[in-house]
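All values derive from a computational prediction rather than experimental measurement. If you read the sequence from its start, that first residue is 1, and numbering goes on from there.
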Amino acid sequence: MKLYYTPKSHYARKVRILIDALDLPVALVDIQDVTGQSAQLFADNPMMKVPTLTDGEVAVFESDHIAQYLVRRFDTEDRFQVLTTDPHQLNLRAVMNGVMAAEVEVILAERTGLDTQGVKRFDKHREVVNQGMGWLESNAGLLAEQPTYNGFHLVSLWEHLVLYGQYSLDYPSLNRRYQQLTQLDFVAQSSPL
């Protein structure tokens, strides 16, 4: 198996944590340039995004789908609650994914040289990050004390926000949970920080 990724991708990071937690033999392929415009660079992913997992002739696009694929194949007990159907846990995941997507939109626009300040679309993305993080802080009690895939999301999201430094991280409950999770060897070993 191969995971096509970049070291700073928070989407790939949550999958890498799961791979390390399950101790799976997955080769990492750093595509290096997320601005590349060839699907081949992304393991024939037509969306030209990371991560992409290849397993023989099978390709799986999108981080949460990759996690589900890996768990169904290698962790039928679902120790990290990847396959949860609990609406509260799914809402946590949805908000974290939304915050991640909004942050990336602003970062990528600015990388192309756009001045995103005062542009309604990007102002909304920034507000999604702020409101989403506030919601997560208010609902931090939903994050389990034991390691879960939602915890892996939190670690990935938090570290990406730290890397790019565009937002205040005054969220003590989320920070406490992040600090706890990063003490785990299988979480720490793929940190981009």
Side-chain angles (χ1 to χ4, degrees), residues 1-30 43 45 49-56 58-101 103-104 132-133 135-163 169 171 173-193:
M1 285 187 294
K2 294 180 182 177
L3 183 73
Y4 293 77
Y5 83 114
T6 60
K8 293 182 181 179
S9 166
H10 42 17
Y11 296 110
R13 172 88 158 106
K14 61 186 175 176
V15 173
R16 290 171 59 210
I17 294 171
L18 180 65
I19 288 168
D20 291 340
L22 297 174
D23 196 26
L24 299 177
V26 177
L28 299 176
V29 180
D30 183 350
N45 182 337
K49 293 183 177 184
V50 295
T52 298
L53 179 82
T54 59
D55 183 11
V58 174
V60 184
F61 311 139
E62 206 282 318
S63 54
D64 293 339
H65 298 164
I66 293 168
Q68 292 169 13
Y69 175 84
L70 292 171
V71 164
R72 285 188 176 105
R73 182 138 186 248
F74 299 104
D75 184 32
T76 56
E77 294 175 21
D78 191 20
R79 291 173 281 169
F80 301 105
Q81 301 173 13
V82 172
L83 304 176
T84 186
T85 58
D86 177 87
H88 302 294
Q89 295 302 312
L90 293 175
N91 284 340
L92 276 174
R93 194 172 296 173
V95 171
M96 286 187 277
N97 282 335
V99 169
M100 293 162 91
E103 183 207 15
V104 164
M133 292 301 291
W135 186 92
L136 291 167
E137 177 69 13
S138 296
N139 290 278
L142 294 172
L143 289 162
E145 287 300 315
Q146 76 276 9
T148 65
Y149 187 59
N150 277 349
F152 304 165
H153 270 76
L154 175 64
V155 167
S156 304
L157 168 61
W158 193 271
E159 289 179 350
H160 206 264
L161 290 170
V162 168
L163 274 170
L169 292 177
Y171 305 104
S173 297
L174 295 176
N175 187 30
R176 179 185 63 79
R177 190 67 192 116
Y178 163 76
Q179 294 297 333
Q180 291 169 336
L181 288 164
T182 56
Q183 299 306 306
L184 300 168
D185 287 342
F186 68 83
V187 173
Q189 66 191 32
S190 62
S191 176
L193 297 178

Next on the checklist: R16 vs Q189, test: side chain to side chain contact (heavy atoms under 4.5 Å, CB included). Steps then yes/no.
Outcome noted: CA-CA 9 Å; R16 290 171 59 210; Q189 66 191 32; over 6 Å; no
Item to check | Any N97 side-chain heavy atom under 4.5 Å of K14 side chain | outcome: yes
Checklist entry - With a 4.5 Å heavy-atom cut-off, do H10 and E103 have their side chains touching? => result yes
Item to check | Sub-4.5 Å side-chain heavy-atom contact between I19 and L3 | outcome: yes
Checklist outcome for this item: Nearest heavy-atom contact between S156 and I17 is OG-CD1, 4.1 Å
Checklist entry - Between the side chain of N175 and the main-chain N/O of Y171, is any donor-acceptor distance below 3.5 Å? => result no
Checklist entry - So which heavy atom on P192 is nearest to which on R13, and how close? => result CD-NE, 3.4 Å
Checklist entry - So how far is it from S9 OG to H160 NE2, rounded to the nearest 0.5 Å? => result 6.5 Å
Checklist entry - Counting only N and O atoms by type, is there a donor-acceptor contact under 3.5 Å from the side chain of T182 to the main-chain atoms of Q179? => result yes
Next on the checklist: Applying side chain to side chain contact (heavy atoms under 4.5 Å, CB included) to L53 and Y69, what does each step give before you reach the verdict?
Outcome noted: CA-CA 9 Å; L53 179 82; Y69 175 84; 3.6 Å; yes
Checklist entry - Counting N and O atoms only, with roles assigned by atom type, does the side chain of E137 sit under 3.5 Å from a partner on the main chain of L174, one being a donor and the other an acceptor? => result yes
Item to check | Distance flag, aromatic centroids of H65 and F61, threshold under 6.0 Å | outcome: no
Next on the checklist: Could you tell me if the side chain of V15 sits less than 4.5 Å from the side chain of V26, heavy atoms only?
Outcome noted: no
Item to check | Stepwise side chain to side chain contact (heavy atoms under 4.5 Å, CB included) test for L28 and Y4 | outcome: CA-CA 6 Å; L28 299 176; Y4 293 77; over 6 Å; no
Item to check | Test item: R177 and L154 side chains (from C-beta on) under 4.5 Å apart, heavy atoms | outcome: yes
Checklist entry - Within the side chain of D86, is there an N or O that forms a donor-acceptor pair under 3.5 Å with the backbone of Q89? => result yes
Checklist entry - For the residue pair F152 and F186, does the interplanar ring angle fall in the parallel (under 30°), tilted (30 to 60°) or perpendicular (over 60°) class? => result perpendicular
Checklist entry - Should L83 and R72 be marked as a side chain to side chain contact (heavy atoms under 4.5 Å, CB included) after you check the CA-CA gap, both sets of side-chain angles, and the distance that decides it? => result CA-CA 9 Å; L83 304 176; R72 285 188 176 105; 3.8 Å; yes
Item to check | Q81 to R93 - nearest heavy-atom pair and separation | outcome: O-NH2, 3.2 Å
Checklist entry - Out of curiosity, M96 CE to L143 CG, how far, rounded to the nearest 0.5 Å? => result 5.5 Å
Checklist entry - Atom NZ of K2 and atom OH of Y5: how far apart are they, to the nearest 0.5 Å? => result 13.5 Å
Checklist outcome for this item: In this structure, CG of N150 is separated from OG1 of T84 (nearest 0.5 Å) by 7.5 Å
Item to check | Shortest non-hydrogen separation from T6 to D30 and the atoms involved | outcome: CA-OD1, 3.9 Å
Next on the checklist: In the structure I gave you, are the side-chain heavy atoms of L18 and V71 within less than 4.5 Å of one another anywhere?
Outcome noted: yes
Item to check | Close side-chain approach of R79 and P147, heavy atoms under 4.5 Å | outcome: no
Next on the checklist: Could you report the tightest heavy-atom contact between L181 and G151, atom names first, then the distance?
Outcome noted: CD1-O, 3.4 Å
Next on the checklist: Do the side chains of D55 and R73 get close enough for a salt bridge, i.e. N-O under 4.0 angstrom?
Outcome noted: yes
Item to check | From Y178 atom OH to L169 atom CG, the distance as rounded to the nearest 0.5 Å | outcome: 10.0 Å
Next on the checklist: Evaluate E62 against Y11 for side-chain hydrogen bond (donor to acceptor under 3.5 Å, both in side chains), listing each step before the verdict.
Outcome noted: CA-CA 8 Å; E62 206 282 318; Y11 296 110; over 6 Å; no
Checklist entry - At what distance, to the nearest 0.5 angstrom, does CG of L193 lie from CD of E159? => result 4.5 Å
Checklist entry - Does any non-hydrogen side-chain atom of M133 lie less than 4.5 Å from one of W158? => result yes
Next on the checklist: Minimum heavy-atom separation for V82 and Q68, please, with both atom names.
Outcome noted: CG1-N, 3.8 Å
